[in-house]
Undergrad: 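Just dropping this structure here.
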Amino acid sequence: MVAAMLVRSALSWVPRGPRRDARRLTGPALGRRAPALLGAALALSLGCSGAAPAPVARQAPVVKTPPAQPKAPEGPPLLPARVIAELDDEDATPYFARRGDEALLLHAAGGRFRTRILGADGAPRGDTVDAGPVAADVPVAALRATPQGYIAAWIEQIEGSRAVRVLALDPAGKPSAPASLVAQTAEEISWLDVLPNAQGALVLWEMPREAQGDAARAGVAHPGVDRVDVVMTVVAQGKGAAIKPTAPASVAREVLGWHAVATERGAAVALVLPPAAPRGRGEGKPARKAEAEDAAEDGKLGSVALLEIDAAGKVSAPVVVSPEPTAQIDLEIASLGGRYLLTWTDERDIDGAVYLAAVEPGGKVVVAPRQATPPSGEQALVSLVAPSQGGGGRALLAWEDLLRARGGEVGGAGARGPGRLIHLASVGPDGTLGAERAGLVFSASGPPDIAADGDGFAAVTLAPATLKMARDGAAAPPVWPTFVRFGPDLSVRAAEPVRAAPFAATDGVPYLVRGLTCHAGACATLASAAPGPQPGGAAGAAGARAPLALVSLPVRESAWRAPAFREDKDPPPRATAVRALAEGDSIAEVAAVELDGGAALSAWVTYFVEGASDAAPRGQEVSATLAVRAVSPGGLGKLSVLSQKASSLGGVAIAAAPPLPADAKGKGATQGESVIAWVARERGETQVYLTKVDATGAKVAQKKLTTAPRKKQGGAASEASDVAIAYDGAGGFIVAWIDTRDGNAEVYAARVDRALNRTAPDRRITNAPLDAAEVQIAVRGQEVWLVWSDARTAGGAAAGGVAAGGAAAGGAAAGGAAAGGAAAQAGAAPGGGAAAGGAAGQGDEPGGDIFLARLDAKTLQRIGDESRLHASSEHSRSPVLAPLEGGLFVGWIDEPADESGGGAGAGGRARLVRVDGNGAVQGPPVVVSGPDGAAVSSLALACDKICRGVLASAPGDSVELNAFTLAPGDVSAPSLKPLAWLTGGASQDVSPAFAGRSGASLFFADDAVSGSGRVRWMTIAWP
């Protein structure tokens, strides 16, 4: 049995529509919203001849070869193939169904339906049979094998109306009687399928609807959100007798989506039911502006239910499988081990995830809905493929992780190359996935075709075609349809491009490939050439008929490199899980700290431009949002919004203190506490604040650290920004920040005790003619170490220097996460002036270098002079510190100066340098460039016995995270291993931050496909 309808599709794999405006995070929790992803794309039926989009149509995959191709590799043999028909044009879709060792081809030619029986080897048996007239407009059709022969059904347009017709065919492909008219209506009919059973078949079709009645009055109907009615007829098929379809009967009304599977008893239909009322706003839901958008998005989600239809057409009452109104419309169902297995993409958490449930015939839910795979950011269901009869008894689940490494050549997820990556795993009747995992590369222009293959599976995908012996770095390979045959353990049995002699004019590569089938250990697929004149001067005139061939896909030795591999053998470093902590406005900066027992706290501040974000409620002053959330191996804690008056340029930093020892009476702190440093903006002024939180992220105390007068007559107010904080090892905390109170942006520091009381006054650390930015802090014994980016020249004076007081308001961190990255996300430059690379407008100023200063931890007096870690003409920014035994590692980003003589140019790279216990640099910096020469945008670093790092770069149109390790004493650049491709744009600064010295937990920002900002937590397995 094969998929009934095969249609050419130009549908992109994951819709990336216009970004929604970023939303403010408000109230006690943040918003959650996941986009319509891959599964929704699969569930769409492209309009044919004016047909309306159908929310649930499962069109059969078709692989279309790109028209422009590099030169083809030479040498490997073609695949066996037989021409079985000629098509009038590319829209003359062929239909194909297997019945035992035979198969039937159905296609239209010359205004007539034609059928032809094929043998097990694909050889035609007998002549073509005229099966009756075909309408000029047949947008959808289906062909299925039955015990009595075959049944075909189709939708046709008749004088402005739509009709459903059914045709019974005997085992030789001859009509038993003329096609029967089942239904005719002036309304739209958008999809149809045939579900055979022992007595005949059920023909189901869908009719688009708008919400009516109670649903519309409840406010859940929204423009552009389609509902469908599912309608059926029963077709009884006897030996040699004409079929007698029953009158159309309703199966379900106003559902969001559906999918059906044939059974011996009739059929089982899985439904996505719309919610009875809009979802209430609980934790994770934003308020005000986002409510209307969220209501519209929620209208596309629903609960999951199941109903059964017997062979006589009796419909059972729906049984609720998943009551949460969070299922996308990509629901699929398969019959497995005497049960129904249901799967869908679910949005009950911030990220979409693939869920599974199992139901016994009769409606008993035996496996409650649960997430099928480990959390990995936004997921999307691709397909659920039932096993073949007599196969291994396990289905195949295919899905995509949108935050995983992209596909490439064989060798694991770390390989680089074009395309995306589908994950494959077998699944049993209990909904448990097998340990073996495979990856399959596919082009973004279409989904792969997957079918059961004996005890394994087969796929036809679109992937780069390369030979195993091809040299690395050779010219870009052509992208061709390629088949892969998998064993029961998902190992690759065979793989070759689909190339055959009938398509010699195009290097053997067909124009369209569709209809993958397997039977008795043999697999084949339909392939067709483009109609009309063929490339390369092939014979044929305009309008020439296109050959249709059945191409065999054998298991044989091949010189071609497979576009698939075993993922479970991918070596570390690799991401083991990715979870979203929050969703809302774009994120300016992320910070994290490790707690006991593998737990961690992450804090972040959103990006906010005054006058460009939502209007605050009357009487309230709202700026950026400061929030915190605890994580642990057991899951996520409650999200706490600490302030909505934060400054994006102020950044955020967090440090943890251990529990206090018990006193003589046995009283003492029962747990450690953490302090978050941040900057608040009130009445147009910024001051540094400290907020103490417990291990759950709940606020314990809060105090203002600075009280500097900010407003100046005749000039802009001074600013505080770029906060940093560290536990001092003696019961208190050291705080550092950038301040323009004295004119230039300079480094300041202060010390507080555990109660947040100041124990040392603000102390100015730097005194330079140009600006400092992005200070970072670490405590080593009795010393405090500070590093920052400074615009002073190597001689200590700025070229064409800036007078004291000349720094503009906002002075600080144009190169950093808060200013540069966030501004790029929002498409607007942050307010304020001087950057780490020199004051704004001074094109001939230096690019800035990274400096280090050592302070006495008690007095904050400087120990010795400041030192420049590396002098260069580049713009050095975004330093990070990682303590190491005997010293520390410092990393930063260097960007080449532009040709005008100042500021940062394109093409950043990271530098890493080891500093000993006396502050002396040990050897030259290690330079780490992005993959394929991509500019590095940010860096996270953690050191224990060795250092582990993550680079963020943008080799293409989105950000990639790459991991590396570096041992003390290494002088060569480390190799990079891809961890994830993020969903946000290439200009995004993701502000990665490790919690702890092991590097096992990474926190970073990312924009979802929908455009909203997200904070994510990634756990990483290291070598």
Side-chain angles (χ1 to χ4, degrees), residues 1-4 42 58 60-61 96-101 103 120 144-145 147 193 195-198 259-265 267-268 270 306 331-344 354 356-361 366-367 372-373 381-399 422-438 440 447-461 483-494 515-525 553 555 564 566 568:
M1 202 72 70
V2 300
L42 281 175
R58 295 304 197 277
F96 187 76
R98 284 194 179 273
R99 185 173 181 268
D101 291 331
R144 300 285 186 178
D193 201 358
L195 304 174
N197 55 59
H259 191 218
V261 61
T263 69
E264 292 182 356
R265 299 169 297 278
L306 176 77
L331 175 67
E332 295 207 12
I333 182 173
S335 182
L336 180 66
R339 294 176 172 178
Y340 305 126
L341 197 63
L342 289 77
T343 183
W344 65 93
V354 176
L356 279 169
V359 184
E360 288 183 343
V366 290
V367 178
T373 65
L381 175 67
V382 174
S383 62
L384 177 66
V385 181
S388 60
Q389 291 184 355
R394 296 182 67 84
L396 185 74
L397 182 69
W399 73 98
I422 284 181
H423 306 281
L424 306 173
S426 65
V427 57
D430 60 354
T432 301
L433 267 61
E436 298 85 6
R437 304 292 168 89
L440 177 68
D449 197 354
I450 306 175
D453 175 16
D455 57 355
F457 297 90
V460 173
T461 187
F483 82 86
V484 182
R485 295 184 64 173
F486 295 96
D489 62 350
L490 299 184
S491 59
V492 176
R493 285 174 165 169
L516 170 66
T517 63
C518 298
H519 175 70
C523 293
T525 187
L553 311 177
V555 175
R566 279 283 295 271
D568 51 308

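In what follows, every heavy atom counts, from backbone to side chain, and hydrogens, waters and symmetry copies are set aside.
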Undergrad: With sequence neighbours excluded, tell me which residues meet side chain to side chain contact (heavy atoms under 4.5 Å, CB included) with A260.
TA: L195, L204, W258, V269
Undergrad: Backbone N or O of P488 within a donor-acceptor pair of the R394 side chain at under 3.5 Å?
TA: no
Undergrad: Holding to side-chain hydrogen bond (donor to acceptor under 3.5 Å, both in side chains), I want the full list of residues that pass it with R437, two or more places apart in sequence or in another chain.
TA: none
Undergrad: Can you sort out the partners of A494 under side chain to side chain contact (heavy atoms under 4.5 Å, CB included), two or more places apart, ordered by chain and number?
TA: F483, V555
Undergrad: Please list, chain by chain and in numerical order, all residues satisfying side chain to side chain contact (heavy atoms under 4.5 Å, CB included) with A398, sequence neighbours excluded.
TA: V382, S383, I422, L424, I450
Undergrad: On a heavy-atom basis, which atom in P196 and which in A262 lie closest, and how many Å separate them?
TA: O-CB, 3.4 Å
Undergrad: Given side-chain contact (heavy atoms from CB on, under 4.5 Å), test V367 with L356 step by step and report yes or no.
TA: CA-CA 8 Å; V367 178; L356 279 169; over 6 Å; no
Undergrad: Please report the shortest heavy-atom distance between A459 and L440, naming the atom on each side.
TA: CB-CD2, 3.9 Å
Undergrad: How far apart are the closest heavy atoms of L306 and A268, and which atoms are they?
TA: CD1-CB, 4.2 Å
Undergrad: What's the shortest heavy-atom distance between F457 and A386, and which atoms?
TA: CE2-O, 4.3 Å
Undergrad: Quick one: do L397 and L381 satisfy side-chain contact (heavy atoms from CB on, under 4.5 Å)? Show the steps, please.
TA: CA-CA 8 Å; L397 182 69; L381 175 67; 3.7 Å; yes
Undergrad: Any chance you could measure Q389, atom CD, to H519, atom NE2, to the nearest 0.5 Å?
TA: 9.5 Å
Undergrad: Might you point out which heavy atoms bring A145 and A97 nearest each other, and give the distance in Å?
TA: N-CB, 4.1 Å
Undergrad: Quick check for you: to the nearest 0.5 Å, what is the distance between W344 atom CH2 and I333 atom CD1?
TA: 10.5 Å
Undergrad: Table please: side-chain donor-acceptor pairs of residues 335-342 below 3.5 Å, with sequence neighbours left out.
TA:
unit_1: R339; atom_1: NH1; unit_2: P429; atom_2: O; d: 3.3
unit_1: Y340; atom_1: OH; unit_2: R265; atom_2: NH2; d: 3.2
unit_1: Y340; atom_1: OH; unit_2: E308; atom_2: OE2; d: 2.7

Undergrad: What residues form a side-chain hydrogen bond (donor to acceptor under 3.5 Å, both in side chains) with S491, not counting sequence neighbours?
TA: D489
Undergrad: Distance from D449 atom CG to T461 atom OG1, nearest 0.5 Å?
TA: 10.0 Å
Undergrad: With distance as the sole test, does R99 use its side chain to make a donor-acceptor pair with the main-chain N or O of P147 at under 3.5 Å?
TA: yes
Undergrad: Could you go step by step and tell me if D568 and L490 meet the side-chain contact (heavy atoms from CB on, under 4.5 Å) rule?
TA: CA-CA 10 Å; D568 51 308; L490 299 184; over 6 Å; no
Undergrad: Ignoring hydrogens and geometry, is there a side-chain-to-backbone donor-acceptor pair from S388 to G454 under 3.5 Å?
TA: yes
Undergrad: Less than 4.5 Å apart, any side-chain heavy atom of V460 and any of L553?
TA: yes
Undergrad: Using the side chain to side chain contact (heavy atoms under 4.5 Å, CB included) definition, which of the options L396, T343, V261, V354 pairs with L384?
TA: T343
